[in-house]
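This report concerns only the one structure given below.
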There are 2 protein chains.
Amino acid sequence: MDKRHFKPQHQDKYGVLRLIPLGGVGDVTKNMYIYEYGNDIVIIDCGLGFPNEAMPGIDLVIPDISYLRDKKERIRGIVITHAHDDHIGGLPYLWPELQCPIYAQRLAAGFIRAKFSEHRLPKNQINTLSFDSKLQLGVFNLSFYRVSHSVPDSSGIVLETPVGRVIHQADFKLDWTPVNGQVTEVGKVAAAGDKGVLLMLIDALRIEKEGYNLSESTIQPTFQRIEENSPGRIFLTTTSSNITRIQQALNVAAASGRRVAFLGRSMEGNFQVARDLGYLEVPPGLVIASDEIKRFSDNKLMIIIAGSQGQPGSALSRAANNDSKYVSIKEGDSIVFSADPIPGSESAQYALIDKLTKMGGNVYYTAITDDLHVSGHATAEEQKIMINLARPKYVMPIGATYRQMKLFSSMAGQMGWGKDKVILAEDGLVVTARPGQVVIDGRVEAKNVYVDGLGVGDVGNIVLRDRRVLAEEGIVLVIVPMDTRTSQLGGELDIISRGFVFEKEAEGLLEGAKKIVRSALSDHPQGVLDWRFIRRHIEESLEQYFYEETQRRPMILPVVVEV
Amino acid sequence: MDKRHFKPQHQDKYGVLRLIPLGGVGDVTKNMYIYEYGNDIVIIDCGLGFPNEAMPGIDLVIPDISYLRDKKERIRGIVITHAHDDHIGGLPYLWPELQCPIYAQRLAAGFIRAKFSEHRLPKNQINTLSFDSKLQLGVFNLSFYRVSHSVPDSSGIVLETPVGRVIHQADFKLDWTPVNGQVTEVGKVAAAGDKGVLLMLIDALRIEKEGYNLSESTIQPTFQRIEENSPGRIFLTTTSSNITRIQQALNVAAASGRRVAFLGRSMEGNFQVARDLGYLEVPPGLVIASDEIKRFSDNKLMIIIAGSQGQPGSALSRAANNDSKYVSIKEGDSIVFSADPIPGSESAQYALIDKLTKMGGNVYYTAITDDLHVSGHATAEEQKIMINLARPKYVMPIGATYRQMKLFSSMAGQMGWGKDKVILAEDGLVVTARPGQVVIDGRVEAKNVYVDGLGVGDVGNIVLRDRRVLAEEGIVLVIVPMDTRTSQLGGELDIISRGFVFEKEAEGLLEGAKKIVRSALSDHPQGVLDWRFIRRHIEESLEQYFYEETQRRPMILPVVVEV
């Protein structure tokens, strides 16, 4: 047991609840929250994040579970709010170490099982919840309510804890006419509110949007209109977990006599799971295999395809680059982007739209077509409704950046929650709750853990810093053959560069560099005794020389070879 | 004279006009257009572009003037439409080679002179135009009309050519109540239209926006409101050439008794030029020097600061990182972003907003504050007005991406311009005009030329490809000492990596790699005769080994050292 963190219960009559976000507060993705009381730990969500431009070569980012390493036997379970990768995508990487039960609503459990199959992990600890489930995990009693979001079976969680009731409201919105009938169970939230809520965590991502979201069901008429104006094939792309969006596309295809093929690993996989679990109504014969596409005429085809953010390597990118086994974009195709660009991928999405247009496609996207996408996240007004249903003593914005959390704080202030009643946390901060009181009073380590190929956590900040330097300026190698008898240059100096200048056109520059190195060595006529010193000397002289000549600062790597 | 391109006049009674965009068509920035007839060449604009994520380390992109290299003596001048860097920023890099007269309206001429001073170039060929100027350049007769845009003195150009009248309408919008009184001279456009226009080039960037732009003068009341609610300092950032935006900030500061300091090289420089030329009304005593900031109390200060796109290293970024000589952001500061994020810099702007918020700043930005920015580019409706004033036979969208050009084509179609009357060009395509007829019928080289530090054009696609590989996966060096007598390994193998794995934690992996290399060498017991072959063999074996072990593909660089 970790003595630094665990306070024995006799210090406080009630003990304290510690809530530690390992991800999702201040950075939107890789959501993971620890709830700890006495000997019991419950984790909510275990998501992944996406690399930004300062993380070249990184595939994924996952939460740092250092804090949990010596507490594994106290973890009673991981409870999942919904089936998005930034809430479940960390499981294949982190569950093997945590080895605890997982609890999720039906669709999320299905998606997690598919992931575990792919990663060859055992599935016997994945447990399926219903919205009426009551779950006891140590001292915590959990119950659930349905919310609307851009994936079915999204939930809010009510945690009864020894210090009071906590509502964990991850991603949600209010949609009174959702496509799947899954209306937010506001009654359950109000009931919890009536009994008293100490703290409510709540999705604040869309605080910048005033008013209310349109309903998901506004999308199908748009698909319908586009179908009527499409003489050729329709390619429709959206987030592959957006099952109700896909249902609306299927409805339009079925009504207009088009067959539907799915392309892209995530799209095909999620469709399979959702259909097998009964989340999609698919008339028999509607869906065809990818290799049957060529059997149907263009005006009888709809292709639901992955890659709505312009991801390189996605099925839609490949179709746009004549690199797909099944389809290439051609004159007369309609391509429908039913997804806003997510922050950071605007350029990629627009570059793909441009490419598709150049190939003759007629592209529909949210900047020019109304009612082609609705967000899955609550606007400011919807957040206000949820807070007023729960009437918590404290509110804590989650799943948002700091600027959005600050706006949430202003909004909460206008609603009567003073600054001391709004918990502005960040990843790794410790939120401590006692009966009637919640404060921030500590910090644990919660850095980014990088996944690169098969490596989890083996690429750290030093490697990333090197990658950034290599990317900006390239590398110059200086091969110094050293005569071990004389401790002097014992052969031809060689200078090789990559990513710095085009060597064939920069011979003069590299010859000049050789002169600099020779002169650095000849400063030591008695022979060089400390090769570390001379390496540093070569580095510094060349840094200065290259900067003066080119105003660039390549990485310089002197290699001494004994001859 | 280039025989491939120049058709002698007797072939056509009139000869042909060749219009070649070297930049600006399909890529928005680095605008540069060649107009060529017989022995005469006129160039319109000479701009720079900005690197995207596929160009690591690149500072700027400029147009490729290969086509002009053997035609310099035929260039009669470079005529500038307006003072934005994507229309004038290429001059310091390309003018030294072209050495021809430059013609620009007064403010643009001032900005160009400042650039030439900085680059130590002669200024005697920079000529100042007025909107009533008539300019004869070889066979071309040019006249000008004023348009509204986000920098004063923006112009449209009417070119009388032997084959007919051409209107070159670069960036513009319609603003009937502009801050500086510079209303678009629609009468001049209509007069040209009455006389007959063969071809109109027109800014199509904002075709995706329906309706009309709000007037620039809607901004000052917003600044006013923010000022009234700001108990401390106001930091205001916008594009540094947006002189009328700066005028509105000055008006609010003057009315509220705040002193104004300018921070950032571009902001200070442009302010100086614009004030010296009389484009700004500045009450005496209003503007203070940067080092006087500390003499005034917070509620008496407005700081107009560069960095509205979140550029790293800009004055505002430095203020947010406690890295400025003059100011650091603190609790109580208001920071006003009077600029939408431009495509591709959304992440940088939002990251800076987050940072400023964390430091206690109260940040106003366009996503949450109305009337804080208006675009300088014509919406679809404004484009329609301009086209109907000129009534050209052919229209050609410029300054836009391909998807926007396609939308323009649809819009023109609805207005009665058939597909054969809409010229959809791209950089390097040759647009040929004869009396009554315009077609695309050729292509010249027009690649991107990269500026990196002092190097112009010395970084090409090979260097960039290496940089991308180095950024994604890093580099592995294999140092192979070769005994020249035995042609076999003559010392210790060494493997060094950067940006690949953290070496201290990957000893096993690198030891394994050494074994692979030794075994590659021992396949040649008689000694290695062809070292190029063995280098390739080492590369391939290690590529496979590292991919199997890590699923990464670092650059592998075997270096053979003779011992």
Side-chain angles (χ1 to χ4, degrees), chain A residues 26 52-53 56-57 208 343-344 346-347 350 353-354 356-358 363 367-368 401-403 406-407 452-455 458-460 462-464 466-475 477 479 481 490-492 494 496 498-502 505-506 547 549-552 555 557 559 561-563, chain B residues 26 52-53 56-57 208 343-344 346-347 350 353-354 356-358 363 367-368 401-403 406-407 452-455 458-460 462-464 466-475 477 479 481 490-492 494 496 498-502 505-506 547 549-552 555 557 559 561-563:
Chain A
N52 63 32
E53 57 269 33
E208 288 160 340
E346 295 88 350
S347 304
Y350 279 120
I353 290 172
D354 236 51
L356 293 163
T357 308
K358 264 195 182 148
V363 188
I368 58 164
T401 62
Y402 194 76
R403 73 173 196 276
K406 272 303 281 276
L407 283 174
D452 182 0
L454 293 181
D458 67 334
V459 169
I462 292 174
V463 171
L464 284 187
D466 283 351
R467 286 186 185 174
R468 286 193 297 264
V469 173
L470 290 167
E472 294 281 309
E473 315 275 8
I475 187 167
L477 307 171
I479 314 292
E492 267 297 298
D494 201 3
I496 301 167
R498 287 290 183 276
F500 171 48
V501 291
F502 189 52
E505 290 173 2
Y547 188 72
E549 294 288 319
T550 65
Q551 288 198 11
R552 300 178 204 165
M555 180 182 289
L557 195 58
V559 179
V561 185
E562 301 190 347
V563 300
Chain B
N52 64 32
E53 58 269 32
E208 289 160 339
E346 296 88 351
S347 304
Y350 279 120
I353 291 172
D354 235 52
L356 293 163
T357 308
K358 265 196 182 148
V363 188
I368 57 165
T401 62
Y402 195 77
R403 74 173 197 275
K406 273 302 281 277
L407 284 173
D452 182 359
L454 294 181
D458 67 333
V459 168
I462 292 174
V463 171
L464 284 186
D466 283 351
R467 285 186 186 174
R468 287 192 297 264
V469 173
L470 290 168
E472 292 281 309
E473 315 274 8
I475 188 168
L477 309 170
I479 314 293
E492 265 299 297
D494 201 4
I496 301 168
R498 287 290 183 273
F500 171 48
V501 290
F502 190 54
E505 289 174 2
Y547 188 72
E549 294 289 318
T550 66
Q551 289 199 10
R552 299 178 205 166
M555 180 182 289
L557 195 58
V559 179
V561 185
E562 299 190 349
V563 297

The interface call for B:Leu356 against chain A, heavy-atom contacts under 4.5 Å, is neither
Nearest atoms (heavy-atom pairs only) where A:Ala471 meets B:Ala471 = CB-CB, 3.3 Å
Given A:Arg403, A:Gln551, A:Glu473, the one with more heavy-atom pairs under 4.5 angstrom with chain B than any other is A:Arg403
At a heavy-atom separation under 4.5 Å, does A:Phe500 approach chain B through its side chain, its backbone, both, or neither?
-> backbone
Identify which part of B:Glu549 has an atom lying under 4.5 Å from any heavy atom of chain A, answering side chain, backbone, both or neither.
-> backbone
Could you go through the side chain to side chain contact (heavy atoms under 4.5 Å, CB included) check for A:Leu477 and B:Leu477 one step at a time?
-> CA-CA 9 Å; A:Leu477 307 171; B:Leu477 309 170; 3.3 Å; yes
Residue set satisfying side-chain contact (heavy atoms from CB on, under 4.5 Å) with A:Ile368, at least two apart, ordered chain then number -> A:Tyr365, B:Glu208, B:Leu407
Below 4.5 Å, heavy atoms only, C-beta onward: do A:Glu53 and B:Glu53 meet side chain to side chain?
-> no
Chain A contact via B:Ser347 - side chain, backbone, both or neither, heavy atoms under 4.5 Å = side chain
A:Tyr402 to B:Asp354 - nearest heavy-atom pair and separation | N-OD2, 3.2 Å
Minimal heavy-atom distance between A:Glu472 and B:Asp452, with the atoms involved, is O-OD2, 4.5 Å
In terms of heavy-atom pairs under 4.5 Å with chain A, which of B:Ile462, B:Leu454, B:Ile479, B:Asp466 leads?
-> B:Leu454
Which value, rounded to the nearest 0.5 Å, describes the distance between A:Glu562 atom CD and B:Asp494 atom CG?
-> 10.0 Å
Interface moiety of B:Val561 toward chain A, non-hydrogen atoms closer than 4.5 Å = side chain
Toward chain B, the part of A:Thr401 with a non-hydrogen atom under 4.5 Å | both
For the residue pair A:Arg498 and B:Leu557, establish whether any side-chain heavy-atom pair is separated by less than 4.5 Å.
-> yes
What residues, two or more places apart in sequence or in another chain, satisfy salt bridge (Lys or Arg N to Asp or Glu O under 4.0 Å) together with B:Asp458?
-> A:Arg552
Please tell me if the side chains of B:Ile475 and A:Ile475 come closer than 4.5 Å, counting only heavy atoms from C-beta onward.
-> yes
A:Val501 versus chain B, the contacting section by heavy-atom distance below 4.5 Å | both
Most heavy-atom pairs under 4.5 Å with chain A, out of B:Glu346, B:Met555, B:Lys406, belong to B:Glu346
